[in-house]
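These numbers were taken from a predicted model, which means no experiment stands behind them. Only this structure's heavy atoms are used, side chains among them; waters, hydrogens and symmetry mates stay out. The sequence lines fix the lettering, A, B, ..., with proteins before strands; numbering per chain opens at 1.
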Amino acid sequence: MRIVEVEAYIGTDDLASHARVGRTHRNEVMFGPPGMAYVYLVYGMYHCLNVVTEPSGRAAAVLIRAAEPVAGLDAMRAARAGHAPRRRARGELVAPAIAAVRLASGPGVLCAALSIDRTATGIDLLDPDSLLRLELPREPLAEARIGASPRIGIGYAPEPWRSQPWRLFDRASASVSGPAARRG
DNA sequence: GCAAGGATATCG
DNA sequence: GATATCCTTGCA
């Protein structure tokens with residue numbers, strides 16, 4: 001997977017972050033060492049994957065919102081089919097094939113495609129032996145390709161947090177989440 | 001435009 | 001112990 005969209009959540013002062021309520025059982029890993037996975041359940045049915053980014057004691061993480069598949073498309077489609085709550089509720093056995101660029105074009109579906117749930121919390125994403133891991137690109141993305149916008153789904157946060165342009169994405173990628181307008 | 005869905009933070 | 005709320009998604 002090539003990550004193409006992320007959001008930053010920085011510190012207990014960030015009133016859009018789960019860390020805003022202080023250290024709890026759910027967000028505890030955010031207060032620990034960087035490089036760890038933080039996965040939570042949202043809206044009762046989707047998981048969101050975050051990477052802890054700051055040293056112990058400072059609670060910060062980057063939410064992985066979307067990625068472009070590079071391999072394993074069939075496995076991802078199978079995983080997506082198994083995590084389709086609505087279709088399953090309606091008793092539909094066959095789901096239409098999902099286009100490759102849409103397989104992980106959102107934080108919830110990304111976790112579904114990779115079969116990530118809360119049990120992945122605490123995985124060391126920098127350990128080459130981990131089942132789930134982060135790798136650096138051979139070359140950084142050209143700056144002109146990086147778009148920025150306010151973060152999604154945090155309307156509950158007061159200013160200035162609501163408007164901080166802490167959602168970053170690859171303008172050239174068709175796998176960025178949301179309508180075309182949101183992709184810069 | 002909105003329902004589905006369950007954990008969780010907060011309040012009693 | 002109850003309940004309002006939520007870093008989403010896909011269909012009406």
Once you round it to whole Å, what is the distance between [atom2] of [N] and [atom1] of [X]?
{"X": "Leu41(A)", "N": "dA7(B)", "atom1": "CG", "atom2": "C1'", "result": "6 Å"}
{"X": "Leu63(A)", "N": "dC7(C)", "atom1": "CG", "atom2": "C1'", "result": "5 Å"}
{"X": "Asp117(A)", "N": "dG5(B)", "atom1": "CG", "atom2": "P", "result": "19 Å"}
{"X": "Ile116(A)", "N": "dC7(C)", "atom1": "CD1", "atom2": "P", "result": "18 Å"}
{"X": "Glu5(A)", "N": "dT9(C)", "atom1": "CD", "atom2": "P", "result": "9 Å"}
{"X": "Tyr38(A)", "N": "dC7(C)", "atom1": "OH", "atom2": "C1'", "result": "9 Å"}
{"X": "Tyr43(A)", "N": "dG10(C)", "atom1": "OH", "atom2": "C1'", "result": "14 Å"}
{"X": "Arg151(A)", "N": "dC7(C)", "atom1": "CZ", "atom2": "P", "result": "11 Å"}

Problem - In one Ile/Leu/Val/Met/Phe/Trp/Tyr side-chain cluster, 4.5 Å: Val101(A), Ile98(A) - result: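 As far as the 4.5 Å side-chain criterion goes, Ile98(A) and Val101(A) are not connected within one cluster.
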
Practice task
Please determine which of Leu63(A), Asn27(A), Leu49(A) meets the side-chain contact (heavy atoms from CB on, under 4.5 Å) test together with Tyr40(A).
Solution key: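 Among the candidates, only Leu63(A) passes.
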
Handout entry: Span that lies between the P atom of dG5(B) and that of dA12(C), in whole angstrom
Key =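 Looking at atom P only, dA12(C) and dG5(B) are 15 Å apart.
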
Handout entry: P-based separation of dT10(B) from dC7(C) [nearest Å]
Key =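 To the nearest whole Å, 13 Å.
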
Look at all strands and tell whether [X] reaches a base, only sugar-phosphate, or nothing, counting heavy atoms closer than 4.0 Å.
{"X": "Gly108(A)", "value": "sugar-phosphate"}
{"X": "Arg20(A)", "value": "nothing"}
{"X": "Ile154(A)", "value": "sugar-phosphate"}

Practice task
Kindly indicate whether the side chain of Arg167(A), heavy atoms from C-beta on, has any atom under 4.5 Å from the side chain of Phe169(A).
Solution key: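 Yes, their side chains come closer than 4.5 Å.
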
Handout entry: 4.5 Å side-chain heavy-atom contact, Leu110(A) and Ile64(A)
Key =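 In contact.
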
Problem - Selection from dG5(B), dA7(B), dT8(C) that lies nearest to any side-chain heavy atom of Cys48(A) - result: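 Comparing dG5(B), dA7(B), dT8(C) against the side chain of Cys48(A), the answer is dT8(C).
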
Practice task
Considering only NZ, NE, NH1 and NH2 on the basic side and carboxylate oxygens on the acidic side, decide whether Glu135(A) and Arg133(A) come within less than 4.0 Å.
Solution key: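 Arg133(A) and Glu135(A): salt-bridged.
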
Practice task
May I ask you to say whether Glu68(A) pairs ionically with Arg2(A), meaning some side-chain N is under 4.0 Å from a carboxylate O?
Solution key: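 Looking at Glu68(A) and Arg2(A), the cut-off is met.
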
Problem - Consecutive-pair stems (at least three Watson-Crick or G-U pairs, under 3.5 Å) that include DNA chain B - result: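 For DNA chain B the paired stretches long enough to count as stems (3 pairs minimum) are B:1-4 with C:8-11, B:6-11 with C:1-6.
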
N/O-N/O pairs, protein side and nucleotides 8-12 of chain B side, under 3.5 Å:
unit_1 : atom_1 : unit_2    : atom_2 : d
dT8(B) : OP1    : Arg118(A) : NH1    : 3.3
dA9(B) : OP1    : Thr24(A)  : OG1    : 3.2
dA9(B) : OP1    : Arg26(A)  : NE     : 3.4

Practice task
Examine the base of dC6(C) for any acceptor or donor lying under 3.5 Å from a partner atom in the side chain of Tyr156(A), and report the outcome as yes or no.
Solution key: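 A donor-acceptor contact between them is absent.
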
Problem - Atom pair CZ (Arg77(A)) and CG (Leu103(A)), whose distance is rounded to the nearest 0.5 Å - result: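 Taking CZ in Arg77(A) and CG in Leu103(A), the distance rounds to 5.0 Å.
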
Exercise for the section: Drop me the distance from Arg65(A)'s CZ to Ile152(A)'s CD1, to the nearest 0.5 angstrom. Expected result: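 Result: 5.0 Å between the selected atoms.
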
Problem - is_close_aromatic(Tyr9(A), His18(A)), centroid dist under 6.0 Å - result: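 Ring centroids of Tyr9(A) and His18(A) are no less than 6.0 Å from each other.
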
